[in-house]
Amino acid sequence: MATSASMSGMGMSMTSASSMPSSTGGMDMGDSSSILMTSAEMAMVFFQSVTTPLYSTAWTPQGEGSYAGTCIFLIALALLHRILIAVRSVMFDSNPMLHRHRKEVSSDSDDYPGTQSELEAVGRQFRSRWNSHPFRVATETGRSLLEVLIGGIGYLLMLAVMTMNVGYFLSVLGGIFLGTFVAGRFGASDLHH
């Protein structure tokens with residue numbers, strides 16, 4: 001009892017699990033059904049459609065206007081993602097209030113790592129960096145929440161690109177471009193200025 005259905009023009013065939021040979025070693029799959037596709041049907045190619053769902057079937061554009069709105073949302077989401085990365089850099093990486101003052105080591109000092117083995121020098125550098133960043137619950141909570149927000153937005157952008165919709169893909173790229181154009185200078189180190 002094989003039924004065939006076309007899903008969004010992608011030509012996926014749906015077949016009941018009870019009529020197909022099972023690779024589960026004789027286990028009865030009951031009434032459950034699965035989607036079986038050949039390698040030709042699973043080809044990953046970009047396509048253009050104004051009715052591609054985003055994140056759920058409830059968010060399916062019904063026309064060009066709602067599709068454009070979805071693309072604008074993706075541009076804004078990617079822009080926000082890049083701005084949050086810059087905010088993270090400004091708030092946590094380049095904020096001298098979060099670091100202890102480091103003791104400068106001169107080459108005349110006994111503490112100069114040039115007289116020690118490479119491994120000891122790396123260990124000393126690691127300890128120096130570790131000790132220059134004290135643990136503060138409020139700071140680390142804020143940093144952690146910001147990282148979760150940045151990671152969550154990044155995964156939402158990844159899922160939009162994985163739809164293989166050209167418009168969604170170009171919208172994410174456009175948002176990354178705009179975000180880097182607007183706030184990229186805050187996220188990069190100042191070594192090139």
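Note on Ile72 and Leu79: separate hydrophobic clusters, where clusters join Ile, Leu, Val, Met, Phe, Trp and Tyr whose side-chain heavy atoms are under 4.5 Å apart, directly or indirectly. Hydrophobic clustering (side-chain heavy atoms under 4.5 Å, transitive across Ile, Leu, Val, Met, Phe, Trp, Tyr) groups Met162 together with Tyr155. Both Val161 and Phe47 are members of a single hydrophobic cluster when ILVMFWY side chains are connected at heavy-atom separations under 4.5 Å.
Taken from CD1 in Ile150 to CZ in Arg143, the straight-line distance is 11.0 Å, to the nearest 0.5 Å. Annotation: the span from Leu149 atom CG to His81 atom NE2 amounts to 9.0 Å, rounded to 0.5 Å. Taken to the nearest 0.5 Å, the CG atom of Leu84 stands 10.5 Å off from the CE atom of Met91.
Closest heavy-atom contact between Val45 and Met164: O-CB, 3.6 Å. The two residues Leu74 and Ser171 come nearest to each other via the heavy atoms CB-CB, 3.9 Å. Across every non-hydrogen atom of Thr70 and Pro61, the tightest pair is OG1-CG, 3.7 Å.
Listed for the Tyr168 side chain is no donor-acceptor partner under 3.5 Å among the backbone atoms of Leu54.
Ring orientation note: the planes of Trp59 and Phe73 are tilted relative to one another, at an angle of 30° to 60°.
Applying the side-chain contact (heavy atoms from CB on, under 4.5 Å) test between Leu80 and each of Leu157, Ile85, Ile153 identifies Ile153 as the sole match. With respect to Tyr67, the side chain to side chain donor-acceptor pair (under 3.5 Å) criterion is satisfied by exactly one of Asn165, Thr51, Thr60: Asn165.
No more than 12 heavy atoms of other residues, nucleotides or ligands shown are found within 6.0 angstrom of CD on Glu64. Heavy atoms from other residues, nucleotides or ligands lying under 6.0 Å from CZ of Phe181 number 12 at most.
Looking at Arg82 and Ile176, their side chains come closer than 4.5 Å, going by heavy atoms from C-beta outward.
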